[in-house]
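The structure appears right after this line, and notes come after that.
FYI, side chains are in, hydrogens and waters are out, and symmetry mates aren't considered; it's all heavy atoms of this structure. Here the structure is a predicted model, which means the values were calculated and not measured. For this chain, numbers begin at 1 and follow the sequence in order.
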Amino acid sequence: MFQVASRPTHHHGAVPEPLNLSMSHYQSPVAQKLNIPRRLARPNFSEPSRDAIARIDPALAGVPVEYIRKMLAGNSSQMITALSLLTIPSSLPCAHLPPTLDAPIRPSSQTPDATAFPTHILAIFSARSSSATPTVASFADKSNLAPSTTVPLFPVSALVLTAHCSLLPPLPQGHPPAGRRVALTLPLVPLTIPSPETFPLLHAYLHTMRADTLLTSLLPALASIIPSMTTPPGHAAGKQVYVAQFSSEKLLRFSRVLVSAVYKRGGPQGALGALMAHVKHINGLWQNVCALGVFDAELWGAMDLAWEIVLAAMTQVAENR
């Protein structure tokens, strides 16, 4: 199984730069008191394996990774449709994980191209670690788990994961479907990551490359005021285009709306706890991003934005107590 081993984080290397916001330099007393990092640390940069990409699709040997990512982003709607047509269980007991799983394809009048379908199924295990020290994805050992422990299953594309996740070990060889099929036989790969509950957010982002949708998922109370993306997903590789529009003033306004929402939902006594739940959710996504080695600039920008908004909201709640 894939497992995640502890690894330190550093602030050097070709990694997405932190947001350049004036409010990012203030010290949050409540964050310091609760031992919450002021910023999301950046791990050492690493490139996705070109050899691993070539093993998946020999035609992509020598093709720049950024071009492959743009190609995948342009095909995201077909890939998402293909995902929705597969019928697989949402979870299985870890004692009953087969090496492969048959996934029937539901009939559809608009079946996507065969290359849009998933190539593997991940069984996601949890590798709990320090919230400040992310871990690296690798095959995991399930021998220490109770046989009745259930693990969620996710159909995935090997090319999508390999093109984005530089620390993902090579997946076993899959057999992409040729022509129309009524079912797929997909290798089942047990993977251990720090935060299984936030894997769906990262998995969705790697397909859509939509920072606005990710930000809304992290802070659903702000859904009505989070602006939509105006540039095509993956259009400006390595640049923070969407997140660049957020000024310090806009983030403070968002934090006030978030404070109002948590007060309305849980009252003054439950506000700080509700914001701590957001902190844990964002931190879980950050741990997975570090564990898998994803260095997409807009993804890091969206996590930074959510982090800034939540910490500012926590400061406001603490000042009002």
Side-chain angles (χ1 to χ4, degrees), residues 1-5 7 46-63 65 68-69 71-73 75-76 78-80 82-83 86 88-92 94 97-103 105 112-127 134-142 151-178 181 183-196 198-207 287-296:
M1 263 199 268
F2 283 109
Q3 183 161 338
V4 181
R7 69 191 295 273
S46 57
E47 286 277 5
S49 169
R50 293 180 180 273
D51 290 340
I53 292 174
R55 282 194 295 270
I56 296 168
D57 187 347
L60 296 176
V63 177
V65 175
I68 296 172
R69 290 172 180 163
M71 176 195 71
L72 291 170
N75 196 37
S76 62
Q78 281 225 1
M79 299 183 85
I80 292 170
L83 281 169
L86 289 190
I88 67 166
S90 60
S91 63
L92 282 176
C94 71
L97 293 180
T100 62
L101 200 63
D102 291 333
I105 302 173
D113 183 78
T115 59
F117 281 88
T119 58
H120 296 73
I121 295 176
L122 297 184
I124 301 293
F125 287 74
S126 172
T135 46
V136 194
S138 62
F139 286 114
D141 180 7
K142 61 181 180 179
V151 290
L153 305 181
F154 294 92
V156 299
S157 161
L159 184 57
V160 170
L161 291 184
T162 304
H164 287 282
C165 304
S166 63
L167 298 180
L168 180 73
L171 295 172
Q173 190 67 37
H175 301 284
R181 300 272 295 273
L184 301 178
T185 299
L186 303 177
L188 193 149
V189 182
L191 175 76
T192 299
I193 57 176
S195 174
T198 63
F199 181 76
L201 295 181
L202 179 58
H203 185 233
Y205 179 83
L206 295 182
H207 283 82
Q287 288 195 62
N288 286 346
V289 168
C290 293
L292 292 166
V294 185
F295 294 94
D296 179 78

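- Heavy-atom minimum distance, N288 versus S195: ND2-O, 2.7 Å.
- The shortest heavy-atom contact between A291 and P194 is CB-CD, 3.7 Å.
- The distance from atom CG of D51 to atom CD1 of I56, rounded to the nearest 0.5 Å, is 11.5 Å.
- Considering only residues two or more places apart in sequence or on other chains, D57 meets the side-chain hydrogen bond (donor to acceptor under 3.5 Å, both in side chains) condition with none of them.
- Under the side chain to side chain contact (heavy atoms under 4.5 Å, CB included) criterion, S76 pairs with no residue, sequence neighbours left out.
- Without hydrogens or angle criteria, S166 side chain to G293 main chain gives a donor-acceptor distance under 3.5 Å.
- Once rounded to the nearest 0.5 Å, the distance linking CD1 of I124 with NE2 of H203 reads 9.0 Å.
- Minimum heavy-atom separation, L184 to P118: CD1-O, 4.0 Å.
- Remark: Q287 CD to T198 OG1 distance equals 8.0 Å, nearest 0.5 Å.
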>> Assess the residue pair V65 and R69 against the criterion (side-chain contact (heavy atoms from CB on, under 4.5 Å)); give the C-alpha distance rounded to whole Å, side-chain angles, the decisive distance to 0.1 Å, and a yes or no.
In response: CA-CA 6 Å; V65 175; R69 290 172 180 163; 3.5 Å; yes

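- Contact detail for P190 and L97: the closest heavy-atom pair is CG-CD1, 4.5 Å.
- Here the straight-line distance linking atom CG of L191 with atom CG of L168 works out to 6.5 Å at 0.5 Å rounding.
- For P200, the side chain to side chain contact (heavy atoms under 4.5 Å, CB included) test picks out F154, with sequence neighbours left out.
- The shortest side-chain heavy-atom distance between L86 and I105 falls under the 4.5 Å cut-off.
- In this structure the side chain of S46 reaches within 4.5 angstrom of the side chain of F295, judged on heavy atoms.
- For A82 against A116, the heavy-atom pair with the smallest separation is CB-O, 3.5 Å.
- Taking CZ of R50 as the start and CD1 of I68 as the end, the distance is 7.5 Å to the nearest 0.5 Å.
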Which donor-acceptor pairs under 3.5 Å do side chains of residues 157-165 form with protein atoms, sequence neighbours excluded?
unit_1	atom_1	unit_2	atom_2	d
S157	OG	L159	N	3.4
S157	OG	V160	N	3.3
T162	OG1	A158	O	2.7

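- Contacts of H120 classified as ring pair (Phe, Tyr, Trp, His ring centres under 6.0 Å), with partners at least two apart in sequence or in another chain: none.
- For P98, the side chain to side chain contact (heavy atoms under 4.5 Å, CB included) partners are L92, L101, L188, not counting sequence neighbours.
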task = Go through the steps for F199 and L122 under the test side-chain contact (heavy atoms from CB on, under 4.5 Å), then give the verdict.
result = CA-CA 11 Å; F199 181 76; L122 297 184; 3.9 Å; yes

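- With hydrogens and angles left out, the side-chain atoms of D113 and T115 include a donor and acceptor closer than 3.5 Å.
- Residue I121 holds its CD1 atom at 4.5 Å from CD1 of I88, rounded to the nearest 0.5 Å.
- Remark: D102 pairs with T185 by the side chain to side chain contact (heavy atoms under 4.5 Å, CB included) rule, at least two apart or across chains.
- Between P172 and P187, the closest heavy-atom pair is CG-CB, 4.4 Å.
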